[in-house]
Amino acid sequence: MSEQRLIADNGSNGALIEVQGLTKRFIGVTAVDCVDMKVYSGELVSLIGPNGSGKTTLFNCITGFLRSEEGRVVFRGRDITHERPDKIVLQGISRTFQNVRVFPSLSVLDNLLVSLQQHQEEDLWRRTFHAPKIQRLEREAVERALQLLEMIGLTDLREEPAHKLVFGQRKLLEFACALIPDPDLVLLDEPAAGVGTAMVEQMKQHILELNRAGMTFLVVEHNMGVVMDISDRIVVLDHGQKIAEGSPEAIREDPRVLEAYFGK
Amino acid sequence: MTALARARPWLLWVAGGVLVLALPLQYSGGYAINIMINTLMWIVFALSFDLSAGHVGTVSLGHPAFFGIGAYLTALLGPRLGLGYLGNTLLSASLMALLALVAGVAFFRVREVSFAIGTLGAVIIAQLIANNAYDLTGGPLCVKGIARPEFAIPFTDVTLKVIHPLQYYYLLVPLVVFTIVLYKAMTSSRIGRAFIAVREDEVRASAVGIRPLRYKLLAFVVGGGIIGALGSFQAQYVTVVCPSEIALSYTLNLLIIVFVGGAGSLRGVLLGSVIFSVLPRLLEQGGALSIPPAYQQVAYGLILILVVLFMPDGIDGQIRRMTDKWHRSREVEVGEDV
Amino acid sequence: MPLQLEIFLEHLLNGLTLGALYALVTAGLSLIFGVVRLVNFAHGDFFMVGGYALFILLNLPWGAIPYPIIVILVTLIVAVFAMLIERLMLQPVLDKSWRIHAVATLGISIVLQNVALIIFTTDPKQVPTPFTTKIVSLLGLRLSVQRIIILGIAVLVFLALQWFVKRTKLGKAMRAVSQNRDMCQVVGIDVPRIALITFAISGGLAGLAAALIAPLLSVTPTMGLSLTLKGLAAVIMGGLGQLNGSIYAAFILGLVESFFAGYVSFAFKDVVSFGLFILVLFLRPQGLFGRRIGL
């Protein structure tokens, strides 16, 4: 185990997360085909590609929701390839979902609190009987949740059940839920999809500000304007394979990318 | 918030407690006290069912198995081990918690409908075995003559033998209090929040670091243990255990109580239990009309359908909506004053 | 013919008849689950309703109707009955969670059983047809014509069902709804109508089963419950929403039950069939014929 970790440390060259030769097959389709990629601490990397190119599948493999057949995922030098999703989150990888998932009957505030509580150290007994330590942790959690609500502008709605929010607000809430544990890496699945221009702009600003403050992002996004504006680096997938990687300027000019998107 | 409003929940609990303790002294006649014991038993049964069904969202249709097997354990092992009331109850509780753990690990591999029907299959098997394994359970002839609880009073030679229903009532109260406190503590804490997260979206729950299986098991094991204890009480109360204690009709009653009262709500389940156990008897008593069971069942079925159609959150949801409206209208008035 | 072989064939035939019964019930359950995602705990009671309809039609005061017409009538009666139940009680809750569905259909089941109990009492009602006592000799095996009719019609019905689901416009619409309900609404498929038709077909199958197979049993108010449970077990064993898989599973259950009851123990036959169901649940949670579905 320790030997393996050592190898991983050498192999990852200080990358925060490294995906090595990851392959995921469904019946008859190879959704992700031997993909290698790295994200360094503090970077903002975008993952783009035509529909069905395997972006979300790659996300699901990294976060443990799907079991990859081959390859490894190394996070902070530790192999997390086949770990359970809940364990991976607790190590510092948060994510959002393409179809936006919040807990509909929990209040906005509770949605945030439930996203943080598993990260706070505690035991089951204390958690049941509201021992003083839990009350302290709960106060801290509420404080942090209120800060985030202030940031995304949902403070007034904090007591409302999440199902009463409109789509854009749910999206912001899910985003805040991903941020509340102060993760090392945030995976965003189409943060700008399905919302109006004002909201896209707001989302962009949040991501950029947080990135400037040192948070690392891996973003799947279709809105090329957003991708070109925010990314340090872009990885392009097509039919499950990585076909290009580079700065926004380089990707814009890359013939393989143009071909994947527009055909010959 | 005024001091009274803040104190009100406490007052309610104290008043309820006094009522529970004092009521049987007023009506200790055979019929009334039996109804009261019945009510308390359904409260325990339904709360432990609701912990899974209402909060974590895992509806096990096999819950009566814990009750029946818990009762059989006391009936069959009690005399051999000579444990006494507390020992019997704890034994049934711990073994049923263990069974719930094992069954949970096995059955939680499947979800929702498959889980519900899988557990239903298990309870049918348990009942068939109880009915047909004559050597073990006596089949339909039941296990009879189970010892009544006895308590040696400390520092005297007196042994108190529990015989009267009134004594059984007070013997049951601690289990009821324990169940309510545990239910309240679990569901109103961070665990309760995790329960709801699992119920609403397991995938999303995993994505915030909650392991669904862990919380499903927790609710299932706690519920199984409590029901096991209740089954042991039942065995020592009626002193007979029959295969009919592992009956599907119990599952139906649980669904009626929990969903008519209000799934996932302490107040709702308490109301549901009381209404379910008291109302039909009151009708019978008061109107001197005896309702044949079949008509009663038709009424239950219709109530279930009507509740599902018109009050999907049960009685509790209806109350909540009414009080919300009341609070809102008051807020508006206060706002205008200022 | 050696006696042992004869006994074996007898169990086989019993198993197939039982399998046909389970399969007709299961097919209806599976269709409803597939199309509207509803687990119908009252489905076995549709069969019971059919049984009593058969009882009434066989005992009309103004003389007997020919059996084939009775079969058609019972099928239609239960089909209409199922449509009524869907429209009045289930349609408003179709988009709710499966928990609500379970409670609603259990409520319906309780009402149906007890109304039957009030009207017909607990006395089992015999519903013999002209064919139950008519015996033919086939390959040295004596069997009642009713059984031959059952197996023949069951096979025809399953073939017709295949054709219907795969080839007809309505069947294709049903499959479309089962795969993506929201999308169907977008492209203009009338989803509530499809749901109603699904209930009609499923009720009709239960009615047909009652008209054919109740004559071999006897009709009681509570007979539906065990059928519902076996049917649900078969639906899950076959893979939820997989019509063919659930039909195969129903025949497997019928055969296993018949052989176990014949060779080992009658009392424990249901322990074995439900045990088999649970075993399948543990070993292949996606069902014997189902596919594992990803995220």
Side-chain angles (χ1 to χ4, degrees), chain B residues 53-54 57-59 61 103 106-129 131-134 139 199-200 203 248-249 251-252 255-256 258-260 263 292-310 312 314, chain C residues 33 37-39 41-42 88-90 92-93 96-119 121-122 221 225-226 228-230 232-233 235-236 240 265-278 280-283 285-287 295:
Chain B
T58 49
V59 182
L61 300 178
F107 279 108
F108 285 130
R109 284 166 54 80
V110 293
R111 290 171 44 199
E112 301 191 343
V113 182
S114 301
F115 173 79
I117 295 166
T119 52
L120 190 65
V123 75
I124 293 170
I125 293 178
Q127 195 191 9
L128 286 166
I129 290 175
N131 244 320
N132 293 300
Y134 299 99
R199 179 187 72 204
E200 305 223 302
V203 170
L248 276 185
S249 60
T251 306
L252 282 179
L255 289 172
I256 293 171
V258 166
F259 282 89
V260 172
Y295 286 87
Q296 232 179 68
Q297 293 287 323
V298 172
Y300 285 159
L302 285 176
I303 290 172
L304 261 188
I305 298 167
L306 291 176
V307 164
V308 165
L309 286 180
F310 301 110
Chain C
F33 184 85
R37 301 281 134 186
L38 177 132
V39 176
F41 280 94
L88 293 178
M89 297 168 185
L90 293 176
V93 296
K96 298 268 167 60
S97 81
W98 70 274
R99 273 165 240 140
I100 298 291
H101 294 163
V103 175
T105 54
L106 275 167
I108 292 167
S109 168
I110 300 174
V111 172
L112 291 181
Q113 276 181 38
N114 287 284
V115 168
L117 187 74
I118 292 166
I119 301 175
T121 73
T122 50
L225 181 67
S226 80
T228 307
L229 299 178
K230 295 278 168 58
L232 288 174
V235 167
I236 293 173
L240 273 169
S265 152
F266 184 80
F268 286 96
K269 70 176 164 56
D270 283 356
V271 174
V272 168
S273 50
F274 283 113
L276 180 69
F277 156 57
I278 289 175
V280 169
L281 206 60
F282 290 165
L283 298 181
Q286 73 276 34
L295 186 78

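Protein chains get the first letters and strands the later ones, always in sequence-line order, with residue 1 at the start of each.
For chain C, the nearby part of B/L61 is the side chain; its heavy atoms alone come within less than 4.5 Å. In this structure, chain B has a heavy atom under 4.5 Å from the side chain of C/V39, while its backbone stays farther away. Residue C/L225 touches chain B through its side chain alone, counting heavy-atom pairs closer than 4.5 Å. Of the two parts of B/L306, neither the backbone nor the side chain holds a non-hydrogen atom closer than 4.5 Å to a non-hydrogen atom of chain C. Neither the backbone nor the side chain of B/A126 comes within contact range of chain C; no heavy atoms are under 4.5 Å apart. Using a 4.5 Å cut-off between heavy atoms, C/L88 contacts chain B through its backbone alone, with no side-chain atom that close. For C/L281, the parts lying under 4.5 angstrom from a heavy atom of chain B are both the backbone and the side chain. Heavy atoms of C/I278 lying under 4.5 Å from chain B belong exclusively to its side chain. Looking at C/F282, both its backbone and its side chain come within 4.5 Å of chain B, counting heavy atoms on both sides. For C/L229, the part lying under 4.5 angstrom from a heavy atom of chain B is the side chain only. The contact between B/I124 and chain C is made entirely by side chain atoms (from C-beta outward), counting heavy-atom distances below 4.5 Å.
Considering only heavy atoms from C-beta on, C/L240 comes within 4.5 Å of B/S114 through its side chain. Contact annotation: the side chain of B/T251 approaches that of B/L248 to within less than 4.5 Å [non-hydrogen atoms, C-beta and beyond]. A heavy-atom distance below 4.5 Å is not found between the side chains of C/K230 and C/F277. At least one side-chain heavy atom of B/L252 sits under 4.5 Å from a side-chain heavy atom of C/I110. In this structure, the side chains of B/F259 and B/V308 stay at 4.5 Å or more apart for every pair of heavy atoms.
One finds the CG atom of C/L106 at 9.0 Å from the OG1 atom of C/T228 (value rounded to the nearest 0.5 Å).
Chosen from B/T119, B/I117, B/V110, the residue pairing most often with chain C at heavy-atom distances under 4.5 Å is B/I117. Across B/L304, B/L120, B/N132, the residue that shares the most heavy-atom pairs under 4.5 angstrom with chain C is B/N132. Put simply, of C/V271, C/L232, C/I118, the one with the most heavy-atom pairs under 4.5 Å next to chain B is C/I118.
At distances below 3.5 Å, at least one donor-acceptor pair connects side-chain atoms of C/T105 with backbone N or O atoms of C/F41.
Taking all atoms of both residues into account, the shortest heavy-atom contact from B/R199 to B/G57 is CG-CA, 3.7 Å.
Aromatic ring orientation, B/F107 versus B/F115: perpendicular (interplanar angle above 60°, classes split at 30° and 60°).
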